[in-house]
Trainee: 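Submitted below is the structure of interest, expressed as structure tokens.
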Amino acid sequence: MFLRKAEQKDKNTIGSLALLLWPGHAVEELREEIAEILKSKEAVFFLAFEGEEAIGFSQCQLRHDYVEGTNSSPVGYLEGIFVKERFRKRGIAGALLLQCQNWAKEKGCTEFASDCELHNEASRSFHLHHGFQEANRIICFTKPL
């Protein structure tokens, strides 16, 4: 297994993996969004490979707005992390997370944050296992006007 920072040429690879994490999106829409993010100096993707096969990715960025439970700005923020099911429980997600944290430190961050949905116990367990502390729980509401 090896990791590397993603480049513009990787947008289709990331898009295919991202669709496994966020299945409600259209793949072309995801690829366009990923291509834009890859242009930013305030965001990054990392890819994990087993041989030639892309098996996982992480996405993080700098957030300058208030991030729940933090006291500084910018804050490194884990936007998404995914490893194909057959490669899980091998430390790959932890290695991808470490790449994001190191990137955030290089960008001058002293804090790193993330979130997950209330019902996502696997994600909550992953975060707690990797040293995150729960800052708050919220339920968001919307209504049409």
Side-chain angles (χ1 to χ4, degrees), residues 1-140:
M1 188 263 309
F2 72 96
L3 305 175
R4 69 169 170 80
K5 184 177 173 184
E7 302 171 10
Q8 199 60 238
K9 68 179 182 177
D10 298 311
K11 72 178 182 181
N12 291 345
T13 301
I14 298 166
S16 297
L17 290 168
L19 194 59
L20 297 171
L21 178 60
W22 298 303
H25 293 78
V27 71
E28 282 308 311
E29 184 180 295
L30 274 173
R31 287 177 179 154
E32 288 174 20
E33 185 177 327
I34 289 162
E36 285 302 309
I37 293 168
L38 284 167
K39 293 177 188 175
S40 174
K41 294 195 182 314
E42 296 213 337
V44 68
F45 286 93
F46 292 97
L47 285 166
F49 292 88
E50 183 74 40
E52 296 294 314
E53 181 181 0
I55 60 171
F57 80 96
S58 58
Q59 174 193 355
C60 59
Q61 71 180 43
L62 302 180
R63 289 204 179 178
H64 297 276
D65 54 331
Y66 174 70
V67 174
E68 190 76 37
T70 65
N71 298 306
S72 63
S73 181
V75 171
Y77 204 89
L78 182 66
E79 301 291 344
I81 192 163
F82 175 80
V83 175
K84 288 181 178 178
E85 192 167 349
R86 72 181 192 273
F87 296 99
R88 294 179 186 165
K89 306 290 184 194
R90 294 176 31 188
I92 298 165
L96 287 163
L97 172 62
L98 186 59
Q99 292 292 307
C100 287
Q101 291 173 163
N102 289 338
W103 175 85
K105 283 181 195 175
E106 290 171 9
K107 295 289 186 177
C109 296
T110 59
E111 294 179 286
F112 196 80
S114 184
D115 64 63
C116 71
E117 294 180 351
L118 286 174
H119 68 275
N120 193 338
E121 275 303 314
S123 181
R124 182 177 179 275
S125 294
F126 169 80
H127 284 85
L128 293 173
H129 177 77
H130 288 281
F132 287 91
Q133 295 178 347
E134 193 172 303
N136 197 4
R137 286 185 176 228
I138 62 169
I139 298 173
C140 301

Trainee: Charged N to carboxylate O under 4.0 angstrom, Arg63 versus Glu68?
Mentor: no
Trainee: Side chains of Val75 and Cys109, heavy atoms from C-beta outward: is any pair under 4.5 Å?
Mentor: no
Trainee: Evaluate the criterion side-chain contact (heavy atoms from CB on, under 4.5 Å) for residue pair Asp115 and Phe132; output intermediate values, then yes/no.
Mentor: CA-CA 10 Å; Asp115 64 63; Phe132 287 91; over 6 Å; no
Trainee: Got a second to check how far Ser114's OG is from Ile81's CD1, nearest 0.5 Å?
Mentor: 8.5 Å
Trainee: Measuring from Phe49:CZ to Ile92:CD1, what's the distance to the nearest 0.5 Å?
Mentor: 12.0 Å
Trainee: Side chains of Glu42 and His64: donor-acceptor distance under 3.5 Å anywhere?
Mentor: yes
Trainee: SG/Cys116 to CG/Leu128 distance, rounded to the nearest 0.5 angstrom?
Mentor: 8.5 Å
Trainee: Taking Glu50 first and then Arg86, would you say they form a salt bridge - that is, a charged N and a carboxylate O separated by under 4.0 Å?
Mentor: no
Trainee: Would you please test Leu97 and Phe112 for side-chain contact (heavy atoms from CB on, under 4.5 Å) and show each step?
Mentor: CA-CA 10 Å; Leu97 172 62; Phe112 196 80; 3.7 Å; yes
Trainee: Going by heavy atoms in the side chains, are His127 and Leu78 under 4.5 Å from each other?
Mentor: yes
Trainee: Is there a side-chain contact (heavy atoms from CB on, under 4.5 Å) between Glu53 and Phe87? Walk through the geometry before answering.
Mentor: CA-CA 11 Å; Glu53 181 181 0; Phe87 296 99; 3.8 Å; yes
Trainee: Which pair of non-hydrogen atoms, one from Gly69 and one from Ala135, has the smallest distance, and what is that distance?
Mentor: CA-CB, 3.9 Å
Trainee: Is a side-chain donor or acceptor of Asp10 paired with a backbone partner of Glu7 at a separation under 3.5 angstrom?
Mentor: yes
Trainee: If the test is side chain to side chain contact (heavy atoms under 4.5 Å, CB included), which one of Thr13, Ile34, Leu96 qualifies with Phe45?
Mentor: Ile34
Trainee: Would you compute the distance between atom CZ of Phe82 and atom OG of Ser123 and round it to the nearest 0.5 angstrom?
Mentor: 12.5 Å
Trainee: Any side-chain heavy atom of Gln8 sitting closer than 4.5 Å to one from Lys39?
Mentor: yes
Trainee: Counting distance only, does the side-chain N/O of Lys84 pair as donor-acceptor with the main-chain N or O of Ala54 below 3.5 Å?
Mentor: yes
Trainee: Going through the checks in order, is the side-chain contact (heavy atoms from CB on, under 4.5 Å) test met by Glu36 and Glu33?
Mentor: CA-CA 5 Å; Glu36 285 302 309; Glu33 185 177 327; 5.9 Å; no
Trainee: Hey, what do you get for NZ (Lys11) to CD1 (Ile37), rounding to the nearest 0.5 Å?
Mentor: 13.0 Å
Trainee: Could you measure the distance from the CD atom of Gln59 to the CG atom of Leu17? Nearest 0.5 Å is fine.
Mentor: 12.5 Å
Trainee: Between Lys107 and Ala43, is there a donor-acceptor pair closer than 3.5 Å when you use the side chain of the first and the backbone of the second?
Mentor: no
Trainee: Donor-acceptor check, side chain of Glu111 to backbone of Asn71, threshold 3.5 angstrom: yes or no?
Mentor: yes
Trainee: Look at the side chain of Gln61 and the backbone N and O of Tyr77, then say whether any donor-acceptor pair between them is shorter than 3.5 Å.
Mentor: no
Trainee: Please work out which of the three classes, parallel, tilted or perpendicular, describes the rings of Trp22 and His25, given edges at 30° and 60°.
Mentor: perpendicular
Trainee: How about Ser16 and Arg31: does a side-chain donor come under 3.5 Å of a side-chain acceptor?
Mentor: yes
